[in-house]
*Asks:* 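Here it is: the structure, laid out below.
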There are 2 protein chains.
Amino acid sequence: MKLSTKGRYGLQAVIDLAVHADEDAVALSQIAERQGISMNYLEQLIAKLKRAGIVNGIRGAQGGYMLSRPADEISVGDILRALEGDLNPVDCAEVNEGEGCCRISGSCVTKYVWKRISDSINDAVDGVKLSELVAESKRIQNGASATETKEKHTCGK
Amino acid sequence: MKLSTKGRYGLQAVIDLAVHADEDAVALSQIAERQGISMNYLEQLIAKLKRAGIVNGIRGAQGGYMLSRPADEISVGDILRALEGDLNPVDCAEVNEGEGCCRISGSCVTKYVWKRISDSINDAVDGVKLSELVAESKRIQNGASATETKEKHTCGK
DNA sequence: CTAATACCGAGCAAAATAATAGGAATTAAT
DNA sequence: ATTAATTCCTATTATTTTGCTCGGTATTAG
């Protein structure tokens with residue numbers, strides 16, 4: 001019941017992108033370096049985000065990535081679902097709603113529970129907009145000591 | 001971000017146990033057969049539940065398992081946490097709360113998000129008591145056709 | 001005694017995750 | 001036009017986790 005590194009790295013990458021949204025386009029190499037993530041791996045994550053229409057890629061020299069829409073129109077849920085797939089705790093929470101599947105054998109009284117968890121998770125992540133995290137991130141950057149720089153994240157694993 | 005079979009099978013096993021709570025002790029083999037789960041595997045799951053103090057084992061012939069307390073004093077959260085470990089989406093949601101870990105590098109603005117998800121999940125699962133599921137299960141059993149029996153669950157994977 | 005059961009731990013195959021690697025296509029800058 | 005920087009695409013490999021099997025020991029009702 002853990003998020004994979006896809007979700008964690010990916011969300012951080014998008015935040016990084018959003019924080020540097022004033023620049024034209026941010027190269028993958030920059031994000032990778034700032035966040036301490038392998039660039040090759042990050043590439044695969046950002047590909048998912050691109051497919052989901054969250055970021056746009058700009059090819060060629062001086063290319064990079066940009067958010068495809070304003071940060072307050074992107075929720076954490078959008079990002080995590082793009083990276084991790086749906087956030088349901090089991091696959092039948094939504095699916096097979098009206099069918100004979102589980103109910104017959106009586107084995108899916110649990111369905112009700114899964115649905116509740118599912119709804120809770122989705123409400124939680126949809127309620128947080130990327131813009132909020134960007135604001136918070138900038139606040140921390142300013143308040144923090146001047147000597148701090150990128151630093152492999154020792155946490156979050 | 002999926003629950004493993006540990007959580008799904010395990011919860012079903014506990015429900016089965018609770019439904020048959022009138023009998024003295026329910027043998028693992030019976031639960032396994034009714035729920036269509038490998039007995040050897042189920043044994044490992046129930047061991048976790050035992051360690052967590054949710055079920056009691058009774059050894060010897062005619063032995064089996066019983067709930068260690070009434071079904072309305074056991075929440076789905078108790079059961080799932082026993083089986084899956086904590087239900088936090090990432091490991092640092094609670095940990096390292098007051099330490100320098102993430103905050104310094106500014107890489108953990110996300111912590112706020114993880115905490116929100118975490119709280120949502122835990123609230124959701126703690127809000128459902130085993131007794132509710134048992135009641136629902138019995139209701140379905142009665143309402144259903146008389147010919148139904150155990151049936152490998154085709155769903156929930 | 002014996003059969004039924006819980007209890008314990010080692011091992012293993014398959015799947016998922018995390019990462020690496022190499023190259024092709026595109027484009028700004030010179 | 002050439003070059004260097006970059007996205008884009010796909011294959012492969014290593015590592016970890018999951019789901020499960022197996023063999024044995026301990027305990028107890030009948």
Side-chain angles (χ1 to χ4, degrees), chain A residues 1-13 17 20 23-33 35-52 54-68 80 83-86 89-91 152-153 156-157, chain B residues 1-13 17 20 23-33 35-52 54-68 83-85 89-91 152-153 156-157:
Chain A
M1 203 45 189
K2 292 273 180 272
L3 234 46
S4 70
T5 57
K6 289 194 210 84
R8 292 192 282 112
Y9 290 174
L11 178 56
Q12 289 208 282
L17 204 55
H20 297 85
E23 306 165 28
D24 273 352
V26 184
L28 213 48
S29 54
Q30 289 174 39
I31 303 177
E33 197 187 0
Q35 301 300 325
I37 307 170
S38 141
M39 181 177 142
N40 281 307
Y41 188 38
L42 185 56
E43 197 182 318
Q44 293 172 45
L45 306 185
I46 217 129
K48 283 173 186 273
L49 293 165
K50 211 185 113 184
R51 267 177 251 131
I54 293 170
V55 303
N56 286 331
I58 296 157
R59 307 185 63 166
Q62 316 307 321
Y65 292 92
M66 306 182 67
L67 294 182
S68 63
L80 291 182
L83 293 161
E84 300 267 345
D86 71 76
V90 305
D91 280 340
K152 265 206 166 213
H153 37 284
K157 155 69 188 305
Chain B
M1 203 45 188
K2 292 273 180 271
L3 234 45
S4 69
T5 57
K6 288 195 211 83
R8 291 193 282 110
Y9 290 174
L11 178 55
Q12 289 209 284
L17 203 54
H20 298 85
E23 306 165 29
D24 273 351
V26 185
L28 211 51
S29 55
Q30 289 175 37
I31 303 177
E33 197 187 0
Q35 301 300 326
I37 307 170
S38 142
M39 182 178 141
N40 281 307
Y41 187 39
L42 185 57
E43 198 182 317
Q44 293 171 40
L45 307 185
I46 217 129
K48 284 173 186 272
L49 293 165
K50 211 186 110 177
R51 266 177 251 131
I54 293 171
V55 302
N56 286 331
I58 296 158
R59 305 185 63 164
Q62 316 308 319
Y65 291 92
M66 306 181 66
L67 294 181
S68 63
L83 293 160
E84 299 267 345
V90 305
D91 280 340
K152 268 217 156 184
H153 37 281
K157 155 71 191 307

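For the numbers below, each heavy atom of this structure counts, side chains included, while hydrogens, waters and symmetry mates do not. All figures in this text were calculated on a predicted structure; none of them were measured in a lab. Just so we're on the same page: letters track the sequence lines, and every chain starts at 1.
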*Asks:* Starting at atom OH of Y65(A), determine the distance to atom C1' of dT26(C), rounded to an integer number of angstrom.
*Replies:*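 That distance rounds to 12 Å.
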*Asks:* Counting primed atoms plus P, OP1 and OP2 as sugar-phosphate and everything else as base, spell out the protein contacts along nucleotides 20-30 of chain D at 4.0 Å heavy-atom distance: B, S or - for each nucleotide, 5' to 3'.
*Replies:* BBB---BBBS-
*Asks:* Just to verify, which of I54(A), N56(A), V55(A) counts as forming a side chain to side chain contact (heavy atoms under 4.5 Å, CB included) with Y65(A)?
*Replies:*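 Checked I54(A), N56(A), V55(A) against Y65(A); only one passes side chain to side chain contact (heavy atoms under 4.5 Å, CB included): V55(A).
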*Asks:* Return the value, rounded to whole Å, for the distance between atom NZ of K50(B) and atom C1' of dA6(C).
*Replies:*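 About 8 Å, once rounded to whole Å.
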*Asks:* Roughly how far, to the nearest 0.5 Å, is CG of L45(A) from CG of L83(A)?
*Replies:*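 Between L83(A) CG and L45(A) CG, I get 6.0 Å after rounding to 0.5 Å.
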*Asks:* State, with a plain yes or no, whether a side-chain heavy atom of T5(A) is found less than 4.5 Å away from one of R8(A).
*Replies:* yes
*Asks:* For the pair made of CG in L42(A) and C1' in dC8(D), what is the distance, rounded to whole Å?
*Replies:* 14 Å
*Asks:* Any side-chain heavy-atom pair from K48(B) and K6(B) closer than 4.5 angstrom?
*Replies:*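 Yes, close enough: below the 4.5 Å cut-off.
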*Asks:* Could you grab the distance from atom CD1 of I37(B) to atom CD of E43(B), nearest 0.5 Å is fine?
*Replies:* 13.0 Å
*Asks:* It should be established whether S4(A) places a side-chain nitrogen or oxygen under 4.0 Å from OP1 or OP2 of nucleotide dA18(C).
*Replies:*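 Result: yes.
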*Asks:* Reckon I46(B) touches a base, only the sugar-phosphate, or nothing at all at heavy-atom distances under 4.0 Å?
*Replies:* nothing
*Asks:* What's the spacing between L11(A) CG and L80(A) CG if we round to 0.5 Å?
*Replies:* 5.5 Å
*Asks:* Rounded off to whole Å, could you give me the CE-to-P distance for the M66(A) and dT7(D) pair?
*Replies:*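 Going from M66(A) (CE) to dT7(D) (P), I get 13 Å.
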*Asks:* Which heavy atom of I58(B) sits nearest a heavy atom of A25(B), and at what distance?
*Replies:* CD1-CB, 3.9 Å
*Asks:* In whole angstroms, how far is the C1' atom of dT6(D) from the CG atom of D24(A)?
*Replies:*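 Whole-Å distance recorded here is 14 Å.
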*Asks:* Whole angstroms only, please: what is the CG-C1' distance between L45(A) and dT10(D)?
*Replies:* 16 Å
*Asks:* In whole angstroms, how far is the P atom of dT7(D) from the CD atom of Q30(A)?
*Replies:*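 My rounded result for the distance is 9 Å.
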*Asks:* If you count heavy atoms of other groups shown closer than 6.0 angstrom to CG of D24(A), is the number above 12?
*Replies:* no
*Asks:* Pairs counted as Watson-Crick or G-U wobble with both distances under 3.5 Å: what dot-bracket string results for DNA chain D, using | for bases tied to another strand?
*Replies:* ||||||||||||||||||||||||||||||
*Asks:* How long is the straight-line distance from CD of Q44(A) back to OG of S38(A), given to the nearest 0.5 Å?
*Replies:* 8.0 Å
*Asks:* From NZ of K48(B) over to C1' of dC7(C), roughly how many Å is that when rounded to an integer?
*Replies:* 16 Å
